[in-house]
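Any value given below was found using the heavy atoms of this structure, including those in side chains, with hydrogens, waters and symmetry copies removed. Since this is a predicted model, take the numbers as computed values, not measurements. Below, read A as the first sequence line, B as the second, and so on, with proteins coming before strands; counting in each chain starts at 1.
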Protein chains: 2
Amino acid sequence: MQWNKLEDEACSMARTIAVIGDRWTLLILRDCFLRVRRFEDFQQRLGITRPILADRLRKLVAKFVLAKVPYQERPVRYEYRLTPKGLDLYPVVMSIVHWGDVHMSDRKGRPLLHRHELCGKDFDPVLVCSECGEPLVPRQVHVHPGPGAGSPRHVPLGMDVPVPRQPARKRA
Amino acid sequence: MQWNKLEDEACSMARTIAVIGDRWTLLILRDCFLRVRRFEDFQQRLGITRPILADRLRKLVAKFVLAKVPYQERPVRYEYRLTPKGLDLYPVVMSIVHWGDVHMSDRKGRPLLHRHELCGKDFDPVLVCSECGEPLVPRQVHVHPGPGAGSPRHVPLGMDVPVPRQPARKRA
DNA sequence: CGCACTGCGTTCGAATACAAAACCTGCCTG
DNA sequence: CAGGCAGGTTTTGTATTCGAACGCAGTGCG
């Protein structure tokens, strides 16, 4: 499957991956949330090569995740800023960081702690239900097709199928 | 930067990306949460080629995200199951799917809806603070170095730096 | 003027990852 | 014994990605 095909899948995960499912893109976005905005800064902080960086920034702008806005005239220079669409990726980025904190830290512990300005405490991010506020666990989530459902070659995430497979298995 | 170097960064995001930051790996994990467990099923559902699938499964097992357990003897056949470490990726997967639902759906709407068994309603996932329960927004989160902090070549996510750059800029 | 510098990229072969298809193994079934 | 099935590996060609170097505009400095 090529990158472009991913976008056409009737699966939100595939479509998202078509935008951010690239090693560099996620690191660039992390830096965006750190208020890094300029080509040179990205390049130096990430150690990414210039052609790749230029390509990823271009793609993110084309997908309206970043916006290219001039910060000075004469020589016109641009900086890359998160759009509202880009800002909405915060949960994705935070979830990834948190998983790394919990599961990929070495003996010394996690490299950094997050403090919530509202309550003043160090916290972990928790994913909850928008309706009842309870934490989400995989087993309590069922999925049913929505208006944009296509032929489910990819049965979408959480779909409670008994694993689609050839009906009966002879051997246990 | 090569893949392996990512793991050594003192950044939880980089370390997580070293595990799951691959287009196929995330799709495989999505299917895992759908209770897909067998090589053939992954292959057919994803349209992934066999060598790549074998490679990704091997890596996920090596990283303890999946476990390879026999489900029958004589011919020994294995299935791949999420470990607790793997199950903890649920927020990552859900956040990605939700972003796709919101921002990548076509006119017809999102391909699927999620229903929460506990409250019986269709919901969106929301990322909240574990301490006060309020939704997290980027601007209200500050970060300070934790015990595992290294030299911050990558200043970690959310770090509230005024963008590290060469002190004074000659041109405005 | 003329030369260097800064910010932001592009162009170029070499290395890598990937796709498509065929092949192999161990066991079972007809 | 032919064929099938689950779960891979091998082989071969193509698309991506990479690192190093170059291009280029607009100053700034002597």
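Alongside B:Leu113, the hydrophobic cluster contains no other residue (criterion: ILVMFWY side chains under 4.5 Å).
When the side-chain contact (heavy atoms from CB on, under 4.5 Å) test is applied to A:Tyr78, the partners found at least two apart in sequence or on another chain are A:Lys68, A:Pro70, A:Val76. Take A:Gln140 and apply the side-chain contact (heavy atoms from CB on, under 4.5 Å) test, not counting sequence neighbours, and it matches A:Val137, B:His116, B:Glu117, B:Leu118. With sequence neighbours excluded, no residue forms a salt bridge (Lys or Arg N to Asp or Glu O under 4.0 Å) with A:Lys85.
Rounded to whole Å, the distance from CZ on B:Arg23 to C1' on D:dT17 is 10 Å. Remark: C1' of D:dA6 and CD of B:Gln72 are 8 Å apart, rounded to the nearest angstrom. Summarising the geometry, the separation between CZ on A:Arg56 and P on C:dC8 is reported as 19 Å, rounded to the nearest angstrom. Remark: P of C:dA17 and CD1 of B:Ile48 are 15 Å apart, rounded to the nearest angstrom. Following rounding to the nearest Å, B:Asp22 (CG) and D:dT16 (P) show an atom-to-atom distance of 15 Å. Regarding B:Gln43, its CD atom lies at a distance of 14 Å from the P atom of D:dT9, rounded to whole Å. Per the geometry, CG belonging to B:Leu53 stands 16 Å off C1' belonging to C:dA21, to the nearest Å. C:dG7 atom P lies 13 Å from atom CD of A:Glu79, rounded to whole Å.
Expressed to the nearest 0.5 Å, how far CD1 of A:Ile20 lies from NZ of A:Lys63 amounts to 11.0 Å.
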Side chains of residues 127-136 of chain B: which donor-acceptor partners sit under 3.5 Å, not counting sequence neighbours?
residue  : atom : partner  : partner atom : Å
B:Ser130 : OG   : A:Asp124 : N            : 2.8
B:Ser130 : OG   : A:Asp124 : O            : 3.1

Which atom pairs link the protein and nucleotides 9-13 of chain C when you take only N or O atoms and keep those under 3.5 Å?
residue : atom : partner : partner atom : Å
C:dG9   : OP1  : A:Lys68 : NZ           : 3.4
C:dG9   : OP2  : A:Tyr80 : OH           : 2.6
C:dG9   : N7   : A:Arg50 : NH1          : 2.6
C:dT10  : OP2  : A:Arg58 : NH2          : 2.7

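When the side-chain nitrogen and oxygen atoms of A:Trp24 are compared with OP1 and OP2 of D:dT17, none of them lie within a distance under 4.0 Å.
Side chain of A:Ile52, nearest nucleotide from D:dC18, D:dC5, C:dC8: D:dC18.
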